[in-house]
Protein chains: 2
Amino acid sequence: MAATIEICKDTFIHKDAVEKLKRITPSEETLYSLSELFKVFGDTTRIKILFMLFVSEVCVCDIAAFLNMSQSAISHQLRILKQMRLVRFRRQGKTVFYSLDDNHIKRIFDQGLEHILERSRGERSNG
Amino acid sequence: MAATIEICKDTFIHKDAVEKLKRITPSEETLYSLSELFKVFGDTTRIKILFMLFVSEVCVCDIAAFLNMSQSAISHQLRILKQMRLVRFRRQGKTVFYSLDDNHIKRIFDQGLEHILERSRGERSNG
DNA sequence: GTCGCATATGAACAGATGAGCATATATAAT
DNA sequence: ATTATATATGCTCATCTGTTCATATGCGAC
């Protein structure tokens, strides 16, 4: 289904740029996984949970208590984090302890925080 | 509004862990910005646009043509990227060229890709 | 087995989000 | 001025998402 809207007559992108682009761009499937991963990071509740796990292994009820949210809400979010292989869990009696299962998260967050920091610096000097 | 649901009687999180957590956790406002940033990365269209910009400066119509999407859709997404200060633009006649305005993006993507790669490795060996 | 507590999960509902359409704006040419 | 082209934007709608509620499951104590 081609675009019915007229697209610009002149193309500015160079052949070698297109070549390079095709070389560096991951597969459609990988791009999808990448977006799914970042979607997981796109929610403050999940970010807060991950920050808790940066410090130590924590049980569900402690997360709920600390974030002042329902056990159900936390459990739902932990499932998403689990599906993305960002956290693991171990059972100890009735309690389930969650911990980090990835060492990229911290680095990703740090890079994100740096971006935000630089952006707010720019806001201050630009007015 | 306190949780009406009963939360676990015993707390497992230690005092010093809570102290450390409060020390390393960014402000509510920063956490919100961080989630907003990752939300922007949580869409394949925007990821694809950013990958194009990794290679070179590109105009709107070339993005639309390359991704086989409407000019309007691309423009909407570019606005979001602009708001997040991830891209900048310059006008040349009728054409508007967009380019990257941040050097953290590539690193964030690389870390994300590494996570995905390791995860798929695990899937293969775990069955 | 029953009871109580910790966690998981399905359904439902409100709010957010991405794309399409129509239209507005910007620039250049005439 | 008008016309044509490139981009931006407001509105709408279908889809997705996060939370709540109710309920199920898992485990230990009895």
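Chain identifiers are assigned alphabetically (A, B, ...) following the order of the sequence lines, protein sequences preceding nucleic acid strands; residue numbering begins at 1 within each chain.
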Checklist entry - Between A:Glu28 and B:Lys48, does at least one N-O distance fall below 4.0 Å, as a salt bridge requires? => result yes
Item to check | Short N-O contact, B:Glu57 and B:Arg90, less than 4.0 angstrom | outcome: yes
Over how many whole Å does the gap from [X] atom [atom1] to [N] atom [atom2] extend?
| X | N | atom1 | atom2 | result |
| --- | --- | --- | --- | --- |
| B:Arg90 | D:dA8 | CZ | P | 14 Å |
| B:Phe12 | C:dC5 | CZ | P | 14 Å |
| A:Glu36 | D:dC16 | CD | P | 11 Å |
| A:Phe38 | D:dT17 | CZ | P | 16 Å |
| A:Asp62 | C:dC5 | CG | P | 17 Å |
| A:Lys39 | C:dA16 | NZ | P | 18 Å |
| A:Lys48 | D:dG18 | NZ | P | 14 Å |
| A:Asn68 | D:dT19 | CG | P | 13 Å |

Checklist entry - For B:Phe89, does the CZ atom sit with more than 12 other heavy atoms under 6.0 Å from it, leaving out its own atoms? => result no
Item to check | Aromatic B:Phe54 / basic B:Lys106 pairing, under 6.0 angstrom, 45° off normal | outcome: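 Judged by the rule, B:Lys106 and B:Phe54 form a cation-pi pair.
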Checklist entry - Does a side-chain N or O from A:Gln92 land closer than 4.0 Å to OP1 or OP2 of D:dC27, or not? => result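 Checking D:dC27 against A:Gln92, no side-chain N or O comes under 4.0 Å of OP1 or OP2.
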Checklist entry - A:Ser70 side chain N/O closer than 4.0 Å to the phosphate oxygens (OP1, OP2) of D:dT20? => result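 Answer yes for this pair, as a side-chain N or O of A:Ser70 is under 4.0 Å from OP1 or OP2.
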Checklist entry - Between B:Thr95 and A:Lys94, which is nearer to the 5' end of DNA chain D once each is assigned its nearest nucleotide? => result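 Its nearest nucleotide lies further toward 5', so the answer is B:Thr95.
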Checklist entry - Relative to the 5' end of DNA chain D, which residue comes earlier, A:Gly93 or A:Ile80, by the nucleotide with the nearest heavy atom? => result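 Nearest nucleotide further toward 5': that of A:Ile80.
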Name the pairs: protein N/O against N/O of nucleotides 8-15 of chain C, kept only if under 3.5 Å.
unit_1 : atom_1 : unit_2  : atom_2 : d
C:dA8  : OP1    : A:Tyr98 : OH     : 2.5
C:dA8  : OP2    : A:Ser75 : OG     : 2.8
C:dA8  : N7     : A:Gln71 : NE2    : 2.8
C:dA8  : N6     : A:Gln71 : OE1    : 3.4
C:dT9  : O4     : A:Ser72 : OG     : 2.8
C:dG10 : O6     : A:His76 : NE2    : 2.8

Checklist entry - Do the side chains of A:Val18 and B:Ile74 join up, straight or via other hydrophobic residues, at under 4.5 Å, putting them in one cluster? => result yes
Item to check | Between B:Ser72 and B:Ser75, a side-chain donor and acceptor under 3.5 Å | outcome: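 There is no such pair (donor and acceptor under 3.5 Å, judged by atom type) between the side chains of B:Ser72 and B:Ser75.
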Checklist entry - Any chance the rings of A:Phe109 and B:Phe38 have centres within less than 6.0 Å? => result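 That pair passes the under 6.0 Å test.
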